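Ligands are counted one by one from 1 in listed order, and the atoms in each one are counted from 1 as well. For the numbers below, each heavy atom of this structure counts, side chains included, while hydrogens, waters and symmetry mates do not. For clarity, every value in this text was computed on a predicted model and none was experimentally measured.
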Amino acid sequence: MLTLTEITAGYGALQILQGVNLQVDEGEIVALLGANGAGKTTTLRVVSGLVPARGGSVTFAVQDITGMRSDKRVAMGLVQVAEGRELFGTLTVEENLAMGAWTANKSERREALDQVFDLFPILSERKNQNAETMSGGQQQMLAIGRGLMARPRLLMLDEPSIGLAPKLVNQVLEAVQKIRDSGVTVLIVEQNAAATLAISDRAYVIENGEIAFEGRGTHLLDDERVRQAYLGM
Ligand code: ATP
């Protein structure tokens with residue numbers, strides 16, 4: 001569904017990605033792990049078109065999208081939920097969700113909203129509350145919900161569990177599984193490596209802008225080098 005081939009990218013004189021190869025198949029949860037500054041967010045931003053690829057190619061749904069504008073990528077179903085949530089604090093939960101649905105018509109919007117409320121009942125209960133009054137975990141669910149409102153085929157999540165208590169981390173990761181089960185493919189960047197590998201079909205580990213390891217989630221969890229370097233086990 002998504003293929004990155006020899007992607008190079010960076011900021012000004014800084015070359016961050018040094019030739020990234022990565023693939024996500026339809027129906028998978030794929031994790032992208034690695035240390036701070038390794039290039040995880042940059043990889044997602046190249047896929048969503050927010051950072052241009054300097055070399056290599058990105059294909060999505062058998063189309064070369066390497067030079068495509070990011071709004072067109074969203075319309076194709078390639079949706080990124082950024083780290084840090086970027087909610088509109090003084091707007092209500094429902095208004096924030098509506099902002100995610102600019103590509104949809106009215107009935108599609110209704111259907112997407114029902115799906116989000118089904119996945120996160122707390123958002124339905126608090127739909128008239130301002131986003132800024134919600135807890136960290138609820139805000140994260142709202143950010144994911146807003147991403148789902150764009151009816152993605154591939155949802156990219158950048159550290160959705162950041163700053164959350166362990167119980168909420170599990171809740172968010174359970175929601176990620178439900179999202180996949182509903183037919184949306186997921187590419188997830190996470191610091192909580194062990195918990196993320198447990199729910200992932202496959203994973204990549206990025207080191208200094210290059211893929212250092214890849215494999216099935218549970219295999220990487222058992223790999224001694226990966227455990228020592230990234231899981232602190
Ligand atoms: P983190 O977990 O810290 O977000 P990451 O693996 O997602 O790590 P990136 O955000 O991709 O890493 O950043 C890779 C490198 O690029 C870092 O050294 C970072 O400081 C640098 N960088 C990121 N964004 C910019 C920018 N807009 N301008 C200049 N340098 C940047």
Side-chain angles (χ1 to χ4, degrees), residues 2-24 29-58 60 65-67 69-71 73-74 78-87 136-137 139-140 143-144 147 152 154-166 168-169 172-173 176 186-200 202-215 217 220-221 223 225-233:
L2 175 76
T3 307
L4 272 61
T5 309
E6 292 297 325
I7 287 293
T8 53
Y11 308 95
L14 269 183
Q15 181 88 334
I16 303 296
L17 303 183
Q18 314 278 352
V20 168
N21 294 295
L22 181 152
Q23 186 176 329
V24 181
I29 297 174
V30 173
L32 180 58
L33 311 174
N36 282 340
K40 303 178 298 295
T41 298
T42 304
T43 303
L44 294 191
R45 290 170 73 84
V46 166
V47 176
S48 51
L50 299 171
V51 167
R54 290 177 174 171
S57 67
V58 183
F60 177 65
I65 60 162
T66 316
R69 277 187 3 218
S70 61
D71 58 335
R73 299 187 200 207
V74 175
L78 201 46
V79 174
Q80 180 179 355
V81 177
E83 184 185 338
R85 299 167 198 154
E86 294 174 358
L87 299 170
Q139 289 192 17
Q140 188 55 63
I144 296 172
L154 175 67
L155 185 67
M156 292 186 283
L157 300 171
D158 195 352
E159 303 204 13
S161 79
I162 199 161
L164 300 184
L168 287 173
V169 171
V172 166
L173 293 176
V176 170
V186 177
L187 175 58
I188 179 172
V189 163
E190 259 297 340
Q191 292 287 347
N192 276 303
T196 307
L197 285 174
I199 64 145
S200 298
R202 289 186 309 111
Y204 293 84
V205 177
I206 189 168
E207 233 174 51
N208 300 320
E210 277 181 289
I211 301 298
F213 301 99
E214 62 176 282
L220 283 188
L221 208 46
D223 187 306
R225 293 163 305 172
V226 174
R227 287 167 70 89
Q228 279 185 6
Y230 299 102
L231 306 177
M233 296 159 98

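- Per-atom contact check: atom 27 (N) of ligand 1 touches the protein, criterion being a heavy-atom distance below 4.0 Å.
- Under the 4.0 Å distance rule, the nearest protein heavy atom to atom 31 (C) of ligand 1 falls inside the cut-off.
- Considering both main-chain and side-chain atoms, T42 comes within under 3.5 Å of ligand 1 through a nitrogen or oxygen pair.
- Heavy-atom distances between Q191 and ligand 1 reach below 4.0 Å in at least one pair.
- What sits closest to atom 4 (O) of ligand 1 on the protein, heavy atoms only, is T41 OG1, 3.6 Å.
- Residues K40 and Q191 form a side-chain contact, since some pair of their non-hydrogen atoms from C-beta on lies under 4.5 Å apart.
- Closest heavy-atom contact between T66 and R73: O-NH2, 3.1 Å.
- Listed by atom number, the atoms of ligand 1 under 4.0 Å from E159 heavy atoms are 2 (O).
- Y11 CE1, 3.4 Å is the protein heavy atom nearest to atom 22 (N) of ligand 1.
- Nearest protein heavy-atom neighbour of atom 3 (O) of ligand 1: G37 N, 3.4 Å.
- Taking every heavy atom of A35 and a limit of under 4.0 angstrom, the matching atoms of ligand 1 come to 6 (O).
- V79 is not listed as a side-chain neighbour of M156, based on a closest heavy-atom distance of 4.5 Å or more.
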**Study point:** Worked verdict on V189 versus L44 for side chain to side chain contact (heavy atoms under 4.5 Å, CB included)
**Key:** CA-CA 8 Å; V189 163; L44 294 191; 3.6 Å; yes
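- Around CG of N21, the count of heavy atoms belonging to other residues, nucleotides or ligands within 6.0 Å exceeds 12.
- Note on ligand 1: G34 sits outside its first shell, no heavy atom being nearer than 4.0 Å.
- Ligand 1 has an N or O atom lying under 3.5 Å from an N or O atom of G39, backbone or side chain.
- No donor-acceptor distance shorter than 3.5 angstrom exists from the side chain of E207 to the backbone of A38, with no hydrogens or angles considered.
- With a 4.5 Å cut-off on side-chain heavy atoms, L4 and T43 count as touching.
- In this structure, the separation between CG on L220 and CZ on F213 is 8.5 Å, given to the nearest 0.5 Å.
- At a heavy-atom cutoff of 4.0 Å, ligand 1 is contacted by the side chain of I16 but not by its backbone.
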